[in-house]
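Working notes, beginning with the structure itself.
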Amino acid sequence: KELQDAVKNFQQEHGIQVDALLGNSTINNLNLTRRDRYHQILVNLERWRWYPRDLGEHYIIINIPDYKLSVVKNGDTIRSHRTMVGTQVRKTPVFSDQVRYIVYNPTWTIPPTIKKNDVIPGMRKDPNYLKRKGLRVFDSKGNIVDPSTIDWSSSKALSYTYRQQPGVTNPLGVVKIIYPNEYMIYLHDTPSKNLFEKNARAQSSGCVRVQDALELSKYLLSDQEKYDDSKIEEILRSGKISEIPVTQDVKVHHFYWTAINEKDTTRFIDDIYNLDKALWEQLKPES
């Protein structure tokens, strides 16, 4: 039991699934030497050079491998949320932007990658795929298209828009927080709340799922008196799509650190996208 507890504590500290089992991620982290950790610190210092020097007075910061979102205002962290981020195949990108608006009762428009890799192959295998997923098909003019009229083996299937209506099974939950960007990435709720209990949470398709996303959205609207709790509950009960501009100046930063300063010590985090080694190979002095 003493050994199990030690392994669990190590897994907890490094953002690995806490199960006391010696899986690949746990073994890889256990085998890193002091010199490896030194290189890891240098790699993360290098990343700092790439990021904005001025993060703003009021911002949301997401450390991708730490599965954590923090809201910082005037130098103080005023709230934190657990997150889920993209898988190794569909990584959450590093970038900065600004919050523009919030959508309650959102529809989910299938992003290009999921459309190409999941939806269209799904329809080729099962004609009831769209019905089972609650997806509708729209043409370029916004008209609903009957899936039975589409040739799913042709490239034209890619030209349609696929959308899931608001509801309890919608993958975006009840709210999404938008900061328009080239990656089509945003923050959103999820109906699968239990997934936040896991320690390793690289399970999304690139967007960032946020625990208590509804409370985060209320905070972002807190300077607008008309959008109090009762008004937001009324909007949610209506089931209608509601888009509300954010009038506060709030930046969003997606960063990637596997070594952070926390409680007067350096904490090392599992390199979920395996980026550290490749960067060190570029940084290390020539022998």
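Ionic pairing of Arg267 and Asp66 is present here: one or more N-O contacts between side-chain nitrogen and carboxylate oxygen are shorter than 4.0 angstrom. The pair Glu234-Arg237 does not count as a salt bridge, with every side-chain nitrogen at least 4.0 angstrom from each carboxylate oxygen. We find that Lys198 and Asp19 are not joined by a salt bridge, their nearest charged nitrogen and carboxylate oxygen being 4.0 Å or further apart. Between Asp126 and Arg124 no salt bridge is recorded (no basic side-chain N to carboxylate O distance below 4.0 Å).
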Arg47 and Asp276: salt bridge (charged side-chain N to carboxylate O under 4.0 Å, His left out), yes or no, with the steps?
-> CA-CA 10 Å; Arg47 288 193 180 111; Asp276 287 356; 2.8 Å; yes
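Put simply, the side chain of Asn63 never gets that close to the backbone of Lys68: no donor and acceptor are under 3.5 Å apart. Judged purely by atom type and a 3.5 angstrom limit, Arg201 uses its side chain to pair as donor or acceptor with the backbone of Tyr67.
Tyr256 and Asp271 share a side-chain donor-acceptor pair at under 3.5 Å. For the 3.5 Å distance criterion, the side chains of Asn44 and Thr258 qualify, holding a donor opposite an acceptor. Residues Ser96 and Tyr59 bring no donor and acceptor atom of their side chains to less than 3.5 Å of each other. Judged by distance alone, the side chains of Asp36 and Thr33 do bring a donor and an acceptor atom under 3.5 Å apart.
Atom CD of Glu225 is surrounded by 12 or fewer heavy atoms from other residues, nucleotides or ligands within 6.0 Å.
Aromatic ring pairs are classed by plane angle as parallel below 30°, tilted from 30° to 60° and perpendicular above 60°; the pair Phe95 and Tyr183 is tilted.
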